[in-house]
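What follows is a short report on a single structure.
Quick note on labels: first sequence line is chain A, next is B, and so on, each numbered from 1. All figures in this text were calculated on a predicted structure; none of them were measured in a lab.
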Amino acid sequence: MFLKFKSEVESLLQDAIKAAGYKVETLCLETSDYADLASSVAFRLVPKYKKSPGRIAEDISRKIRIPEKTLVERAEAKGPYINFYVNREFLNQTALLILKEGEKYGSLPKKDKRIILEHTSTNPTGPLHVGRGRNPIIGDTLARIIRCAGYDVEIQYYVNDMGKQVATIVWGYDNIEQKALQKSERDKPDYDIVRYYRKATQIVAEHPDAESQIAQILGRYESGNASTIEKFRTVVNKCIDGQRQTLERLDITFDRYVWESQFVIDGSVKKVLEKLKKTKYIKREDGALALDLTSFGVEKDFVLTRFNGTTLYTTRDVAYHLWKFKHADVVINVLGEDQKLSMEQLKCALKILGLKKEPRIVFYSFVSLPEGRMSTRKGVVVNLDDLLDEACERAYIEVQKRRPELSEKEKRDIAEVVGMGAVRFDIIKVAPEKMMTFKWEDALDFEKQGAPFIQYSHARACSILKKAGEIKHKFDPSLLTAPEEIELIKKMAFLPSIVDSTAQDLKPYVVATYARELAETFNQFYRAVPVLKVEDALRDARLALVDCARIVLANVLGLLGITAPESM
RNA sequence: GGGCCCGUGGCUUAGCCCGGAUAGAGCGUCGGCCUUCUAAGCCGAAUGUCGGGGGUUCAAAUCCCCCCGGGUCCGCCA
C-alpha cells in the first residue's frame with residue numbers, strides 16, 4: 001500500500017512541479033518524521049531559479065491537485081520541504097489487504113527470474129564455528145527475502161572437496177590410529193572428522209614427507225582414482241552431515257550441494273583453462289599459468305595452475321560460476337571478506353570468457369575472538385553448536401523464571417525457539433561488513449531489544465486473539481482512529497516496500513530494524529488501547545487490527561528465519 | 001609497503017551510495033508504571049569534537065584530499 005501511495009505522490013509532485021514552471025530530474029522523496037513522505041526538491045531548484053527554497057516549495061505545493069480517488073490526504077509546504085500525508089482510505093485498505101493476504105502479505109508478484117544464491121560453502125574440515133557463523137545466517141535470510149520479493153531462488157552449498165585440507169584428513173584417516181586421537185567433543189560426525197584434521201596437520205608439521213603423500217592423494221583424486229574418490233566422499237559427507245544438523249536447528253537448509261570436484265571430473269575446468277590459454281592475458285611463470293589482469297585494474301595476477309599443471313581453487317570456481325550462470329539469471333554469493341581479491345580475479349576471468357554478467361557478492365567480516373581470529377586447524381574456535389546450546393539454555397532459564405506453570409516440554413520448546421531466534425537476530429541486525437568480536441556475555445545477553453522482544457509481541461497478539469474466541473470477518477476499519485492504531489497500520493504498510501528494497505540492496509539488517517520497530521509500535525498500541533474490554537463494532541475492529549499485527553509480525557519473523565511462538 | 005573494508009554518546013549500532021528539518025535506535029545508567037488483554041512490556045531523563053586535519057558547497061556524518069587506529073588480502077592455500 002505504501003508503494004502505491006508513493007507512486008501517487010510521485011505523479012502529483014511531478015505534475016505540480018511542471019505546473020509551477022520548474023524542471024528537475026529527481027523528486028527527492030523520502031520518508032520523514034514530519035510526514036508520511038517528504039520532498040526536499042526545492043533545495044535542488046535553488047541554484048537554477050535563484051529563489052529561496054521556501055518560496056519554491058510554496059509555489060509547488062500550491063499547484064498540487066489531489067484527485068478524488070486517492071490515498072493522499074493532503075500536501076503542504078513546510079519551510080523548504082513539501083510534506084505528504086496518507087488518508088483514511090490508505091489506512092483502511094492496508095488493514096483489509098493484510099487480512100486478505102495473510103501469510104502472503106509482504107510478498108511481491110512473481111518475477112520471471114531465477115536466482116542461485118550460494119552461501120556457507122566452508123571447508124569441510126570440521127564443525128561450523130562462530131567465526132564464519134554470519135555466513136549461513138546472512139545467506140539464508142537473504143534467500144528468504146528474495147523469494148518473498150517474487151524471485152525463484154535456489155540455495156546452494158559449494159562443497160570444497162578438492163582442497164589440500166580435505167586431502168590431509170584423508171591421509172589422517174589412513175594413517176592415524178584411533179587411540180592417538182583426542183576424544184570427540186561431541187557425538188557428531190563433523191567432530192569426529194576434525195580430530196583427524198588437527199592431528200594430521202600437527203604430524204605434517206613435524207614430518208615433511210607426509211606432505212608429499214598428501215599431494216599424491218590429491219593428485220589421485222583429481223585424476224579420478226575410484227578408491228580415493230570413495231575416501232574423499234566419506235570424509236566430506238561426514239562433515240557436511242554434521243554441519244547440516246547444526247544448521248537445521250537454525251532452520252537453515254540448502255536446495256543443492258554442488259561438489260567442486262564435479263567440474264574437474266566433467267572436464268569443464270579443463271575447458272576453461274583451454275579457453276583462457278588462447279587469450280592475450282595468459283602468462284606462464286615457472287610452469288604455472290596465470291592471467292595478467294592489470295588492464296582490468298587488478299594488480300595481482302590470477303594464478304590458474306600450479307607448476308605441475310594442477311588447478312587451484314579459484315580456477316575451479318570459474319567453472320562453477322559459468323555453470324551457475326547457465327542455470328540462473330542472477331548469481332549471489334555470500335563470502336568472507338578474505339575472498340575479495342579472488343572474486344575480483346574471478347569476475348575478470350568471466351569477462352575474458354565473454355560472460356556479460358557477474359555475480360553479486362555480499363561480503364561479511366569475520367567474527368573474531370578477543371585474542372584474535374578463530375581457526376579450525378588450531379582448535380581456537382567457539383563452535384556454533386556450543387553457542388546454540390548456550391543460547392537455548394539461557395532462554396530456558398528465562399522461561400522458567402517467567403512461566404513456571406508451563407509443562408517441561410512447553411518450556412523447552414519455547415526456549416529452543418527463543419534461543420535460536422536470539423542468535424539469528426543478533427547476527428543479522430548489524431551490517432555484514434562491520435567487524436564483530438565474540439564475547440559470551442554479549443552473545444547471550446537477551447535483555448536487549450532483540451528477537452525475543454519481537455516474538456513476545458507476536459505471542460501477545462496471539463494471546464488476545466485466543467481470549468477473544470471467534471473473530472468476525474466483517475468490521476469497520478474506519479473505527480481505528482487512536483494515534484497508536486494509526487501508527488501501527490502505517491508501520492505495517494511498509495512491509496512490501498521493505499521486502500522490495502532489501503531484495504535489491506541485499507541488506508538484510510534493514511528487515512531486522514523494521515521488525516524491531518514494528519514490535520515496538522505494536523507494544524505501544526497494546527499498552528494504550530484496550531481490545532477485549534471495549535464493545536461491539538469497536539472491539540471487532542480492534543481484534544481485526546490485532547490479527548493484522550499478528551500476521552505482519554509472523555511474516556517478518558519468517559523473513560528472518562525466526563519462529564513466531566503463540567505463547568512465551 | 002600496496003589494495004579493499006571499518007572507525008558515530010560508556011557499549012552495540014542506523015543514517016553515508018543519492019549532501020538538506022533537532023544525527024535515529026538499542027543496551028547500560030537514573031526515575032516512573034502491574035486491581036487493564038503475558039512487565040521478555042510501556043513512559044520519562046541524562047549522555048555525541050559523527051577517529052583527526054584540510055577542502056568543495058548556501059548547506060557535510062554523508063562528496064574530495066591527507067593523516068591516525070583496527071580488520072582483511074596481496075601469484076602457485078581454500
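- Under the Watson-Crick and G-U wobble criteria, each requiring two contacts below 3.5 Å, nucleotide G10(B) is paired to C27(B).
- Residue contacts shown for D292(A) are absent, as no nucleic acid heavy atom lies under 4.0 Å away.
- Annotation: A60(B) and C17(B) have their P atoms spaced 14 Å apart (nearest Å).
- Summarising the geometry of P359(A) relative to H321(A), their closest heavy-atom pair is CG-CD2, 3.9 Å, with the distance given to 0.1 Å.
- Under the 4.0 Å criterion applied to side-chain N and carboxylate O atoms, R542(A) and E535(A) are not assigned as salt-bridge partners.
- Comparing G26(B), C42(B), C77(B) by their nearest atom to the side chain of R516(A) picks out G26(B).
- Look at the P atom in both C66(B) and G28(B): the space between them is 42 Å, to the nearest Å.
- Counting non-hydrogen atoms under 4.0 angstrom, A290(A) reaches nothing in the nucleic acid.
- Side-chain contact of E390(A) with W440(A): a donor-acceptor pair under 3.5 Å is absent, judged by distance alone.
- Residue Q339(A) places its side chain closer to A78(B) than to any other of C37(B), G26(B), A78(B).
- At a threshold of 4.0 angstrom between heavy atoms, the contacts of A42(A) with the nucleic acid are absent.
- Comparing K283(A) and V510(A) by the nucleotide of RNA chain B whose heavy atom lies nearest to each, the residue mapping closer to the 5' end is V510(A).
- For the pair L304(A) CG and A78(B) P, the computed distance is 13 Å after rounding to whole Å.
- In this structure, of G19(B), U13(B), C42(B), it is U13(B) that holds the atom nearest to the side chain of V430(A).
- Ion pair R539(A)/D536(A) not flagged as a salt bridge, since none of the NZ, NE, NH1 or NH2 atoms sits closer than 4.0 Å to an Asp/Glu carboxylate oxygen.
- No engagement by V534(A) is indicated, since no non-hydrogen atom pair under 4.0 Å with the nucleic acid exists.
- For G75(B), the glycosidic angle deviates from 0 by 90° or less, giving a syn base.
- The side chain of E398(A) lies closest to A40(B) when the candidates are A40(B), A78(B), G75(B).
- No hydrogens or angles considered: a donor-acceptor pair under 3.5 Å links the side chains of Q400(A) and K411(A).
- Backbone-only engagement by Y509(A) is indicated by non-hydrogen atom pairs under 4.0 Å involving sugar-phosphate atoms exclusively.
- At a threshold of 4.0 angstrom between heavy atoms, the contacts of G163(A) are confined to the sugar-phosphate backbone, with no base atom among them.
- A donor-acceptor pair shorter than 3.5 Å can be found between the side chains of Q156(A) and Y320(A).
- Donor-acceptor pairing under 3.5 Å is recorded for the side chains of Q243(A) and Y157(A).
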Return the polar atom pairs (N/O with N/O) between nucleotides 30-34 of chain B and the protein under 3.5 Å, or none.
none

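- Between A14(B) and C33(B), the two C1' atoms lie 29 Å apart (nearest whole Å).
- Of the residues near RNA chain B, T305(A) and S365(A), the one whose nearest nucleotide (by heavy atom distance) lies more toward the 5' end is S365(A).
- The nucleotide U72(B) finds its pairing partner in G3(B), both defining distances of the Watson-Crick or G-U wobble pair being shorter than 3.5 Å.
- For R373(A) and S368(A), the side-chain atoms include no donor-acceptor pair closer than 3.5 Å.
- Contact annotation for N523(A): backbone-only contact, meaning every heavy-atom pair under 4.0 Å involves sugar-phosphate atoms and none involves a base.
- D33(A) comes within contact range of no nucleotide atom at all, as no heavy-atom separation falls under 4.0 Å.
- Between the side chain of T122(A) and the base of A78(B), no donor-acceptor pair under 3.5 Å is found.
- Distance check on atom C1': U56(B) versus G70(B) gives 29 Å, rounded to whole Å.
- Residue S567(A) is classed as a base contact, given a heavy-atom separation below 4.0 Å to a base.
- In this structure, A21(B) makes no Watson-Crick or G-U wobble pair, since no nucleotide meets both defining distances under 3.5 angstrom.
- Candidate nucleotides A40(B), C37(B), A21(B) were compared by shortest atom distance to the side chain of K533(A), and C37(B) ranks first.
- Distance check on atom P: C5(B) versus C65(B) gives 12 Å, rounded to whole Å.
- Using a 30° and 60° split on the angle between ring planes, Y49(A) and Y22(A) fall in the perpendicular class, above 60°.
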Practice prompt. Can you check each nucleotide of nucleotides 2-10 of chain B against protein heavy atoms at under 4.0 Å and return B for base, S for sugar-phosphate only, - for none, in 5' to 3' order?
Written response: --SSSS---
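- Remark: the T125(A) side chain and the N123(A) side chain contain no N/O donor-acceptor pair separated by less than 3.5 Å.
- For the residue pair N333(A) and K324(A), a side-chain donor N or O sits within less than 3.5 Å of a side-chain acceptor on the partner.
- A distance of about 8 Å separates the C1' atoms of A23(B) and C50(B), rounded to the whole Å.
- Applying the 90° criterion around 0 to the glycosidic angle, C43(B) comes out anti.
- Among the protein residues, T314(A) comes within range of the nucleic acid bases, having at least one heavy atom under 4.0 Å from a base atom.
- Here, G20(B) and C37(B) have their P atoms 45 Å apart, quoted to the whole Å.
- Contacts of M436(A) with the nucleic acid, taken as non-hydrogen atoms under 4.0 Å apart, are absent.
- Considering only the side chain of R44(A), G19(B) comes nearest among A78(B), G19(B), A21(B).
- Nearest heavy-atom pair, G139(A) versus V334(A), reported as atom, atom and distance to 0.1 Å: CA-CG2, 3.7 Å.
- Comparing A59(B) with G41(B), their C1' atoms sit 42 Å apart, to the nearest whole Å.
- Residue contacts for E344(A): at a heavy-atom cut-off of 4.0 Å it reaches no nucleic acid atom on any strand shown.
- Across all strands shown, S463(A) has heavy atoms under 4.0 Å from base atoms, whether or not it also approaches the sugar-phosphate.
- If you check every strand for non-hydrogen atoms under 4.0 Å, R373(A) touches sugar and phosphate atoms only.
- When distances are taken from the side chain of R460(A) to each of C73(B), A40(B), A39(B), the shortest belongs to A39(B).
- By the 5.5 Å and 30° criteria, Y81(A) is stacked with the base of A21(B).
- Across all non-hydrogen atoms, the minimal contact from H458(A) to P565(A) is ND1-O, 2.8 Å.
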